[in-house]
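Working notes, beginning with the structure itself.
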Amino acid sequence: MHLTELTENVHEIAREGEMRVPTRVFASEPLLEKMREEGRTLEQGSNVATLPGIQKYSVVLPDGHLGYGFPIGGVAAVAMDGGVVSPGGIGFDINCGVRVLRTDLDYDDVRGHEQALVDRLYDLVPCGLGRGGYVRTDRDDLEGILAVGMEWMRDAGHARQADLDHCEESGRLPGDPDAVPEDAKRRGVNQVGSLGSGNHFLEVQRVTDLYDAATADAFGLREGQVVVMIHSGSRGLGHQVCQEYIRRFERTYPDLVDSLPDRQLVYAPLGDPVAEDYLGAMYAAANFAWANRQAMTQAVREAVADLFDTDAVDLVYDVCHNVAKEETHTVDGEDVEVLVHRKGATRAFPAGHPDVPEAYRDVGQPVLLPGSMGTHSYVLAGGERSMELTFGSTAHGAGRLKSRTQAKREYTAGDLQQRLRSEGVYVKARSGATVAEEAPGAYKDVDEVVRVSDALGIGTKVARMRPVCNVKG
DNA sequence: ATGTCC
């Protein structure tokens, strides 16, 4: 593997073997070293470069690490004309994503009430692997959610129009409920408004640092303000969609599977019935994930209204981490229609892009970047150079450093919770094992990931938040 | 990530 540094934080793996394009790794030397240590992250990036129709280069972002077939922290743009879709390039948790809610509360208003707040949120939002959601839905409701996402939530009284106006894609992609397997629907019908497990969380935070006052103001953020970050996805429904379609792709293209550098790359040509069905099901699962985060937003509104007597809980923005979308990008000076696979990657469109909500058009799309539990999180703005460098994308988080198993061996939930509590952070979790798996030490340094994104100009620093209380699965 | 095995 020939890896050369092109400019600061930009490295290229030259095309070789079956690669149709090179691989670009956007990382500092320390982050690159972590990827090398992990072993196969960079190899996975180059495997992605073999996809038919892939444009320019396979992208590995600063938080890149090992995933199913494709690296997590990866972007692959394939031509709509002659390209393919690969479920591994989107991931099992379809439209896993993050939203941030801003309140009119200051840290001083919440201080001393953290335990009551975390208890209330924990009671309202089912978390962990169990069933049940904040919003009761039946089978017909689910069909509506799969078809139109946040629009169904609004029409059913679970969302304000302003929520849709401040959500990526207005919370709706062209979902096809008929393409969603029956098993997936069964799993999803009772999970609208449930957190899940693993790295998913619901966290009350306070804004501690502003780096770009004008953009922070446009996002409605100010120092000392209390905000709420929700990180969750499409739960069992999205997982089942991914799993069943990977099986369907494998059965449809057995020869392809055998010819691939990694069978987990399995793909289908765009336009093929199985590819179109997958896209419809994947978009439907994305709609479900938005409905899920929206339902939890309603739970937050209930808790905040009850405890602090305010209904000022507004959506700043909602980003997808795991999705593929049709976009127009410039390749060799020409506009090309591409299917952009983002897996563990955040869209980061710059100021002026027509897909940035009107309210933020002049400053760029908000990019919500969670750190690990108990450290801090960031709000960035889509950067000027993201279209040129990364198909309008940046990192999605700190990136895992230690495996879940390794983390469980090294950390103890009780110790961690006690230490965080002494720092003023209240963590309430369904499972101690999850707390250990999500220990800050199991993650890379989020500050370094953000520093590189900012330095590259793909996502620039706007604000930093510290945790106040955190609900985990 | 995930009714951590249909």
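Lettering follows sequence order; numbering is per chain, from 1.
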Task: Nearest-angstrom distance from the residue atom CD1 of Ile246(A) to C1' of dT2(B) - done: 13 Å
Open item on the list: I need the CZ-P distance between Arg430(A) and dT2(B), as an integer number of Å.
Closed with: 12 Å
Side-chain donor-acceptor pairs under 3.5 Å in residues 264-272 of chain A, sequence neighbours left out?
unit_1, atom_1, unit_2, atom_2, d
Gln264(A), OE1, Gly69(A), N, 2.8
Asp272(A), OD2, Tyr253(A), OH, 2.2

Task: Touch class at under 4.0 angstrom, heavy-atom based, for Gly196(A) against every strand present - done: sugar-phosphate
TODO: Using a 4.0 Å heavy-atom cut-off across all strands, classify Ser234(A) as base, sugar-phosphate, or nothing.
DONE: nothing
Open item on the list: Nearest heavy atom decides the nucleotide; on that basis, is Arg247(A) or His239(A) closer to the 5' end of DNA chain B?
Closed with: His239(A)
Open item on the list: Between Arg400(A) and Glu438(A), does any NZ, NE, NH1 or NH2 come within less than 4.0 Å of an OD or OE carboxylate oxygen?
Closed with: yes
Task: Atom-to-atom span, CD of Gln191(A) to P of dT2(B) - whole angstrom - done: 8 Å
Open item on the list: Distance check needed: dT4(B) P versus Lys408(A) NZ, whole Å only.
Closed with: 13 Å
- [ ] For Gly233(A), report the nucleic acid contact type (base, sugar-phosphate, nothing); a contact means any heavy atom under 4.0 Å.
- [x] nothing
- [ ] Could you note down all residue pairs passing ring-ring contact (aromatic ring centres under 6.0 Å, His included) where residues 19-72 of chain A supplies at least one of them, sequence neighbours left out?
- [x] Tyr68(A)-Phe92(A)
Task: Length of the CG-C1' vector between Asn95(A) and dT2(B), whole Å - done: 16 Å
Task: Length of the CG-C1' vector between Leu237(A) and dT2(B), whole Å - done: 12 Å
Task: Nucleotide dT4(B), atom C1' - distance to CG of Leu129(A) in whole Å - done: 7 Å
- [ ] In whole angstrom, give the distance that lies between atom CG of Asp93(A) and atom C1' of dT4(B).
- [x] 14 Å
TODO: Please work out whether the ring planes of His353(A) and Phe349(A) are parallel, tilted or perpendicular, with thresholds of 30° and 60°.
DONE: parallel
Open item on the list: Can you work out whether Arg404(A) or Gln243(A) has the more 5'-proximal nearest nucleotide on DNA chain B?
Closed with: Arg404(A)
